[in-house]
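Notes follow once the structure below has been shown.
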2 protein chains.
Amino acid sequence: MGVKERKERDRQEMRETILQSAHQLFVDKGFDDVSIRNIAEAIEYSPATIYLYFKDKNEIFYALHGEAFKRFNEFMGVLATIKDPFKRLIKMGELYMEFTFKFPQYYDIMFIMQAPMDCDKNSEEWKEGESAHCQLENVVKECQGHNYFKNKDYKTLSFLIWSTMHGMCSLALRDRLKIYEEAERSKMIDKSFKMFKQILSDL
Amino acid sequence: MGVKERKERDRQEMRETILQSAHQLFVDKGFDDVSIRNIAEAIEYSPATIYLYFKDKNEIFYALHGEAFKRFNEFMGVLATIKDPFKRLIKMGELYMEFTFKFPQYYDIMFIMQAPMDCDKNSEEWKEGESAHCQLENVVKECQGHNYFKNKDYKTLSFLIWSTMHGMCSLALRDRLKIYEEAERSKMIDKSFKMFKQILSDL
DNA sequence: TTATTAAAATGAACACTGTTTAGTAAATTT
DNA sequence: AAATTTACTAAACAGTGTTCATTTTAATAA
């Protein structure tokens, strides 16, 4: 009588297969440049089949959104080894940048792309995103226990830090640094991050 | 014998007509949600006609990109009345935010949208963009004459300031503040901008 | 004024897109 | 073996950016 169970497993397996193919394609080409037909071709099913497992392209977006955050959190795993909270915060910024330029398509889906962000706050995907943000707030709060960021609201400061990092990364990713000469352009991010570190340490 | 001249004028006029219709549509619906056919319908010409005046949709993007920066610079016009450079810098930030949320489609095209940014650096459009950035660097430099930002490279700091503003604005615009409760969400931008002002003044 | 030439505008098509639906084939239950 | 449920797909719909052969319009020459 395990038929229903097996069917359910098959269903999840199919969902996984679709997601894996979609994932690979998206990482290679970006969300907008991958069509349902592309995914269908990759898994050797008809396009209509995709719609038996996902409501629409946006639902695939959500799934990959969660996947991206999962990888992001894994990427941040190294932080656990750093005791000093301020050093950990700085390393966090460095990893943030590294992740951005290593996996631009992830970053895009996580923070830049327009998409109906009205997704379920109890979903697995959402929790991965929340966890990432929580880690930032926690490390900032922890810094305050080490005499950093005196008289600053940790939530507000966390958002400000995130904004700064996101600002630098997204401007670079979206090619808005062409106002700078080729030579200084490549150093701009490094220099401003260095200055940012300085500012934070003096805060 | 002014036939050629008139024809050239007609040509420019038609370009303007197309651009004006495109502009209105883009402001209302955003770049991606406006099709060549929409524009064609608005000006009561066939879609193919658009292509006699613009190479492709991207060329229209460039034109609007320039237009957006022009309006941005106009919007920043008030700054001229502010003598104190630091106050001017702060006002600049306030106006930046106001512009962002008043004209989200402009902001999108200026700083967020993916597009081949390999446009002509001598074009009118580009100069408008450069002028905006130049104004920021100038005001930061001027601040240094008033004992602000000691021992800081003004170019790097300018980029850092821009990044912070862009980070806050673009995260808000792209609905990435849903991690915060409804109540605090609306205040988040204000609070973090306030903190940012504080940090800058202590720099 | 008419015929010729040049310019401007377009209808129709191409190759795509996301998505829906009606109908087929296969697996499961009766 | 027949009936029913499930899984899948071909074909279509309405849209996209873009191109091109053809027609309409305007300017020039006879």
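Note on naming: letters A, B, ... go to the chains in the order of the sequence lines (proteins, then strands), and numbering restarts at 1 for each one.
- Looking at the side chain of A:Lys57, the nearest of the listed nucleotides D:dG17, C:dG18, C:dA9 is C:dG18.
- Here the nucleotide nearest the side chain of A:Ser46, chosen from C:dT10, D:dT19, D:dA10, is D:dA10.
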Apply the test ring pair (Phe, Tyr, Trp, His ring centres under 6.0 Å) to residues B:Tyr107 and B:Tyr96: give CA-CA distance (whole Å), side-chain angles for both, the deciding distance (0.1 Å), then the verdict. CA-CA 10 Å; B:Tyr107 194 86; B:Tyr96 190 99; 5.6 Å; yes
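- D:dC8 atom P lies 11 Å from atom CD1 of A:Ile50, rounded to whole Å.
- With C:dG11, C:dT17, D:dT16 as the candidates, the nucleotide lying closest to the side chain of A:Asn38 is C:dT17.
- Regarding A:Leu25, its CG atom lies at a distance of 12 Å from the P atom of C:dT17, rounded to whole Å.
- Rounded to an integer number of Å, the gap from B:Ile18 CD1 to C:dA9 P is 9 Å.
- Proximity of B:Tyr45 to the phosphate of C:dT10: no side-chain N or O atom is located under 4.0 Å from OP1 or OP2.
- The aromatic rings of A:Phe111 and A:Phe72 sit perpendicular to each other, their planes meeting at more than 60°, with 30° as the lower class boundary.
- The side chain of B:Arg6 lies closest to D:dA27, out of D:dT9, D:dA27, C:dA9.
- Taking 4.5 Å as the limit, every side-chain heavy atom of A:Phe159 sits out of range of all side-chain heavy atoms of B:Met195.
- Using a 30° and 60° split on the angle between ring planes, A:Phe149 and A:Phe86 fall in the tilted class, from 30° to 60°.
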Checking side chain to side chain contact (heavy atoms under 4.5 Å, CB included) for the pair B:Leu95/B:Leu79: CA distance, chi angles, key distance, verdict? CA-CA 9 Å; B:Leu95 288 173; B:Leu79 294 176; 3.8 Å; yes
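- If you measure from atom CZ of A:Phe54 to atom P of C:dT19, you get 13 Å, rounded to the nearest angstrom.
- Between A:Arg37 and A:Glu44, the residue anchored closer to the 5' end of DNA chain D is A:Glu44, taking for each the nucleotide with the nearest heavy atom.
- Distances were taken from every side-chain heavy atom of A:Thr49 (C-beta onward) to each of D:dC8, C:dT20, D:dC20; the shortest belongs to D:dC8.
- The NZ atom of B:Lys55 sits 8 Å away from the P atom of D:dT19 (whole-angstrom rounding).
- For the pair B:Ile39 CD1 and D:dT16 P, the interatomic distance rounds to 11 Å; values are reported in whole Å.
- Between the P atom of D:dA10 and the CG atom of A:Leu52 lies a distance of 13 Å, rounded to the nearest Å.
- Of the residues near DNA chain C, B:Tyr53 and A:Asn58, the one whose nearest nucleotide (by heavy atom distance) lies more toward the 5' end is B:Tyr53.
- Protein atom OH of A:Tyr51 is 19 Å distant from nucleotide atom P of D:dA11, rounded to whole Å.
- Distances were taken from every side-chain heavy atom of A:Ile36 (C-beta onward) to each of C:dG11, D:dT9, C:dG18; the shortest belongs to C:dG18.
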